[in-house]
Every structure is written in C-alpha cells, then in structure tokens.
Amino acid sequence: MELYKENQLKIYNSLSKTKEVFTPITEGRVGMYVCGPTVYSNVHLGNLRTFMSFDMIFRYLLHLGYKVRYVRNITDAGHLESDADEGEDKIAKKARLEEIEPMEVVQRYTVNFHEVTKKYNFLPPSIEPTATGHIVEQIEMIKEIIEKGLAYEVNGSVYFDVLKYSENNHYGILSGRNIEDAIHNTRALDGQSEKRNPQDFALWKKADERHIMQWPSPWSDGFPGWHLECSVMSSKYLGEQFDIHGGGMDLKFPHHECEIAQSHSCSGVQPVNYWLHANMLLLNGQKMAKSTGNNILPEEILTGENKILSKAFGVGVVRFFIMQAHYRSILDFSDEALLASEKGFHKLMEAMEVLKELKVAKTSTFNVTDWKNKCYQAMNDDFNTPILIANLFEAVKFINQIKDDKASITATDLELLQNALHVFVFDVLALVNDAKEQSSDKLEGAVELLIKLRKEARENKDWALSDQIRDELADIGIQLKDGREGTTFSVN
RNA sequence: GACAAGAUGGCUGAAAGGUGAAGGUAACGGACUGCAAAUCCGUUUUUUAUGAGUUCGAAUCUCAUUCUUGUCUCCA
C-alpha cells in the first residue's frame, strides 16, 4: 500500500492562510509548478533556498508514493525590469551591457543553474520549460483574454484590465490587497503611462528597434509580460486546475496575483488548489538579491571564497543548515550559524556510520516504531523539517548509547531504524556525506598505518610522537578518535 | 502611506492555550582518557521585544507601543 494512504499530509495554503489536509485532484498523482530562476545572472543562496525547499517537498511527495509531475520553468525572456512600465527586458539589458547575444546570457546562466542544483543534490524536475519556447502559446492566451474583454491594446502593447476583471472577480485574493483602495490612492495622478489604470499590467510589450529580444505578434514586434509565462506553462503541462503552485514569498505580489487573474480569465476556475510560499533567506539582516549586491553564491560556500565566510563548507552542511529552519520562516545566514550546523551535521553523519555496525541484542531499550511515527508526523505537518531533525538526533543519541553498551536494540528494530534513517536523511532531506566522499581506500590505508604507529608509540609512552601524529592529522582535517575498541578516524 | 509576516536563551531555531519552552551549537562540571578530541551523564537563560487585557491556565488569543523583514504605492 502506498504510504500516502496512511499518512495525512497537511499543507499551509497561502490562499486560505491555514493548514489544510492535502487532497490531490487525481488520487495518487500530484501536479506541482514552481517558479524557477530568471537566468540573467548566477543563482544566489537565497534563490537556492526556495528551490531546495521545493526539492525537499518534491522528494517527500515521491517518498509517500505519489506520482508527481514537477514543472519548474526557466525565465529566459519577458521579465520586465523593476516596476517601471517602460522597462526593458532584463535579459536584453544584460546582453547589451556585456555585448553578447541574449541567448548567450541565457545559456550561460542556465548552465550555471543546472550545475549548482546538481552539486547541491537536487532532483531534476519532470519538465523544465522555458518562456522563449512558449511564445506562441503566450500569444494565444493574450488573444483569449482580449476576447473575454479583460485586456486592451495600446500602441502595440497589451495590458490586462484589472478594474474590469475585479468587477466579477477578486483581484487580491492571494495577497490580501484591496484593489479599490489602491485605485483610490492613485487616481489623482495620471499622465505618462499608456495604461488605463496604474494597476494594469502588461501582457505584451512593444519593443523598440534597439530591443534585441523580440517576436512578431498581432499587435507588434515585442515580448511577453513576465507574469504570462507561468500561466501558460502551468496550464499547458498541468491543466487548468492543478494541485500545488510554489515560489518565493516575494513573488506573491504581483506575480502570483497576476497569474491567478490571467489563468482565471481564460478558464473561469481557480487555477491552483494549494499555494506554497517559501520564505526569504537573510544576509546581514537583508533579503538577498542580485539587484542590490547583497548576496552570496552557492559555489562560494563550497570554496570559502567570500568575505563573510571563515572557511569552506560542504553541500551536506548547507542543506542541513537550510533544513534546520522551517521553509515558511525567515532564515538568517551567517558564518557562525553555518559553523554550528557543521558540527551537528558531522555528528549526524558519524551516527549514520556507527549505525552500520551496531551489535544486536534480545531487547530494545528504545521504541523505534514510535520514533519513526514521530518523524512522519513532523513531515506530515507542513513539512516540518526542524522537528524531523530534532527527532533524528534522538536516534543519534540512542545509536551512540548502543555503541557504548548503555542501550540495546533487537535485529528487527535495527533494520527498521536503518531503513527509516536512510529514508529521512538521504532520500527526503537529501543530505550528502561530503567527508565520506573525500575519503578513499588509499587514504584509509595510509591513516590506518599512522594509527598503528601511534598505537605503538602510546604503548611505549612516547606521547610526543603519538600527539604529533594526532595533531598533524587534525591539521589536515583528519580527526582520530580513541574508543574502547581502538582508534577510528573521520575526515572533516 | 497600505498590505503581509515576524520579534523566543551567547548563536541558530522549533513549539500556535495546559504540568519542567524541542533540537543543533556554545559554556561549565562529571565519567572515560597519558593529555586532548569524540562519546555518555548532568548543569546553564525562573523565561518567550515592552506594557496592558481575556482565561482556572498564554510564547501561543486581543489591544497598544517599539523594532525587523518582505511586497506595493507615492515622492525623488
């Protein structure tokens, strides 16, 4: 029997602002759309946190036995710069500055994005569509919205008529914004804009001659508005109504609000059942953003090449650090916090190694079944990974106690424990034991030899030599650990 | 100015009315050890930004104040 049948998953829905029992439209199947990166620069750690949160959610849904179609787009066109109506396409602007082709920029940063997600042990999405690959569909959707009377053309550009839409629909349903108030406050000032109303947003923008990225359309040679691509691609691959739509908190308004308006205009139904928003990662108390320069790149953490870091950190440490906070909470990034996570992460990984060689007994002094249920309860409660991790450390303590003969476990329980830990640590949280990967048979042989030499030195009470071996190994990141059964080592 | 989220111990971060406020990290003491580290045991904030209120009972609900973050708008 599939696990989802015995686990009642609850998800916090941004639309209703409450935790709701998750019931997919089609039993056993989940359609999930997540707003992907805009590929005009390298993804920073803040971007990565959002995608990592949804990677974890994707993984847990898969673990529960759902067949998931996970669509995460690549925005490679149409992202209007800032909030300025006369803004140019972000991709095109970067291209002009660097004097290269727009698609070259797109290619470079798409490759970078894929490299980073691979390094950080992300599962690839089922479909990764691009905006430029769906210009035809976007034009079709604009036509449809115009036909419904909810968009209008001015000088070759097409705008969504928010006022008209809100006559019969609730614009602001997701973000909690009140459109009447907004219009009231801004009615006095009109002028240079060609829009009927300041709240209207572009579906199609006419491009000027210097604008490199442009496509023909019935209205002008131009490019699509940013919000349109997600409406088009989600409905194309997941249908007019689908289960989960995710993205960063900062996309709630206007992006997701506009998306709902566009999709709803065409289909007449609410496009998404569960809206999920991952919270921001803060650096120096500020949102990380490429536009302000307040950011750190995922690659820089792995090499330590950033002024706020005291050293390099592994992929597993970063994932662990991020998973220690709930995805809906703001998370503060700092060197100190990462150092603390590293210690905890190594402790967990050590226990995973110890787990492989535990001796079994006739009785268990720990209720493994109860413990496992607690882990599932944590995940079923809106993917509460911090609680899950707290539970994992309960198991770590137990494992170490067994090693010290202060606790015992039966063969059946041991298997249960091993399987459950493997699922949560490696399948769901997708932690990577970096240290273990750095180690090799040859290294192991060499260190074992040094351990043997040190043992002889200690037997001869040659403390100087034994400490030299220990300390110099420690300097290069190999830690010796003297236990009752002899000396073992770990690579940090 | 509007809307939204939040303010928890040295750091990080859970817990959404019910006895001792999770977990990681840090610090201190003990066991172990030649000494450390690792591991195990114990201790550390009488307390949840501040001030009121509701309640038999609040970190959790209400109000006010201060501050932080995000988004929008306006101005430039």
TODO: Dot-bracket notation for RNA chain B is requested: 5' to 3', Watson-Crick or G-U wobble pairs only, both distances under 3.5 Å, with ( ), [ ], | and . as defined.
DONE: (((((((..(((.....[....)))((((((.......))))))....(((((..]....))))))))))))....

Taking the [atom1] atom in each of [N] and [M], what is the distance between them to the nearest angstrom?
N: B/rU46; M: B/rA59; atom1: C1'; answer: 15 Å
N: B/rC40; M: B/rU55; atom1: P; answer: 47 Å
N: B/rA5; M: B/rA64; atom1: P; answer: 15 Å

Open item on the list: Over all strands shown, is A/Ser329 touching base, sugar-phosphate only, or nothing at heavy-atom distances under 4.0 angstrom?
Closed with: sugar-phosphate

Open item on the list: Using a heavy-atom cut-off of 4.0 Å across all strands, would you classify A/Ser466 as base, sugar-phosphate, or nothing?
Closed with: base

Would you mind reading off the distance between [X] atom [atom1] and [N] atom [atom2], rounded to a whole angstrom?
X: A/Met280; N: B/rU68; atom1: CE; atom2: C1'; result: 15 Å
X: A/Met249; N: B/rG6; atom1: CE; atom2: C1'; result: 10 Å
X: A/Glu257; N: B/rA4; atom1: CD; atom2: P; result: 13 Å
X: A/Asp405; N: B/rA31; atom1: CG; atom2: C1'; result: 15 Å
X: A/Arg328; N: B/rG70; atom1: CZ; atom2: P; result: 19 Å
X: A/His277; N: B/rG70; atom1: NE2; atom2: P; result: 17 Å
X: A/Phe333; N: B/rC11; atom1: CZ; atom2: P; result: 18 Å
X: A/Leu15; N: B/rA5; atom1: CG; atom2: C1'; result: 17 Å

Task: Lys/Arg cation over aromatic A/Phe393: A/Lys397, 6.0 Å, 45° cone - done: no

- [ ] May I ask you to check if A/Arg72 and A/Phe51 form a cation-pi contact, with NZ or CZ under 6.0 angstrom from the six-membered ring centre and within 45° of the axis?
- [x] yes

Quick one: which residue pairs count as a salt bridge (charged side-chain N to carboxylate O under 4.0 Å, His left out) with a foot in [range], not counting sequence neighbours?
range: residues 157-176 of chain A; result: A/Asp161-A/Arg196
range: residues 300-309 of chain A; result: none
range: residues 245-258 of chain A; result: A/Asp250-A/Lys287

Side-chain donor-acceptor pairs under 3.5 Å in residues 370-377 of chain A, sequence neighbours left out?
unit_1: A/Asp370; atom_1: OD2; unit_2: A/Asn367; atom_2: ND2; d: 3.1
unit_1: A/Trp371; atom_1: NE1; unit_2: A/Asn391; atom_2: O; d: 2.8
unit_1: A/Asn373; atom_1: ND2; unit_2: A/Thr369; atom_2: O; d: 3.4
unit_1: A/Lys374; atom_1: NZ; unit_2: A/Glu394; atom_2: OE1; d: 3.2
unit_1: A/Lys374; atom_1: NZ; unit_2: A/Glu394; atom_2: OE2; d: 3.3
unit_1: A/Tyr376; atom_1: OH; unit_2: A/His63; atom_2: NE2; d: 2.7

Open item on the list: Strictly under 4.0 angstrom, non-hydrogen atoms only: write out the protein contact profile of nucleotides 35-44 of chain B, one letter per nucleotide from the 5' end, B, S or -.
Closed with: BBBSSSS---

Task: A/Glu336 side-chain proximity, nearest of B/rG10, B/rG70, B/rG24 - done: B/rG10

Check nucleotides 21-23 of chain B against the protein and report each pair of N or O atoms closer than 3.5 Å, with its distance, or say if there are none.
unit_1: B/rG23; atom_1: N2; unit_2: A/Gln324; atom_2: NE2; d: 3.2

Task: With A/Tyr60 via ring pair (Phe, Tyr, Trp, His ring centres under 6.0 Å) - residues at least two apart - done: none

Open item on the list: With heavy-atom distances below 4.5 Å as the criterion, would you say the side chains of A/Cys230 and A/Asn73 are in contact?
Closed with: yes

Open item on the list: Quick one, A/Val34 and A/His245 - any side-chain contact, counting heavy atoms below 4.5 Å?
Closed with: no

Task: Short side-chain to backbone donor-acceptor contact, A/Asp335 and A/Ser310, under 3.5 Å - done: yes

Task: Residue closer to the 5' end of RNA chain B, A/Phe345 versus A/Trp463 (nearest nucleotide) - done: A/Phe345

TODO: Scan for side-chain hydrogen bond (donor to acceptor under 3.5 Å, both in side chains) pairs involving residues 314-332 of chain A, sequence neighbours excluded, and state none if there are none.
DONE: A/Asp55-A/Arg319, A/Gln324-A/Ser341, A/Tyr327-A/Asp382, A/Arg328-A/Asp382

Task: side chain to side chain donor-acceptor pair (under 3.5 Å) partners of A/Tyr274, counting only residues at least two apart - done: none

Open item on the list: Can you confirm whether the side chains of A/Glu194 and A/Tyr159 place a donor and an acceptor under 3.5 Å from each other?
Closed with: yes

Open item on the list: Please determine whether a side-chain nitrogen or oxygen atom of A/Lys287 lies at a distance below 4.0 Å from atom OP1 or OP2 of B/rU71.
Closed with: yes

Please table the atom pairs, donor to acceptor, closer than 3.5 Å between any side-chain atom in residues 416-423 of chain A and protein atoms at least two apart or in another chain.
unit_1: A/Gln418; atom_1: NE2; unit_2: A/Leu355; atom_2: O; d: 3.1
unit_1: A/Asn419; atom_1: ND2; unit_2: A/Glu415; atom_2: O; d: 3.4

Open item on the list: Let's see if you get this right: which residues in residues 423-430 of chain A place a heavy atom under 4.0 Å from RNA chain B?
Closed with: none

- [ ] Before accepting this row, confirm whether a basic side-chain N of the pair A/Lys481/A/Glu350 lies closer than 4.0 Å to the acidic partner's carboxylate O.
- [x] yes

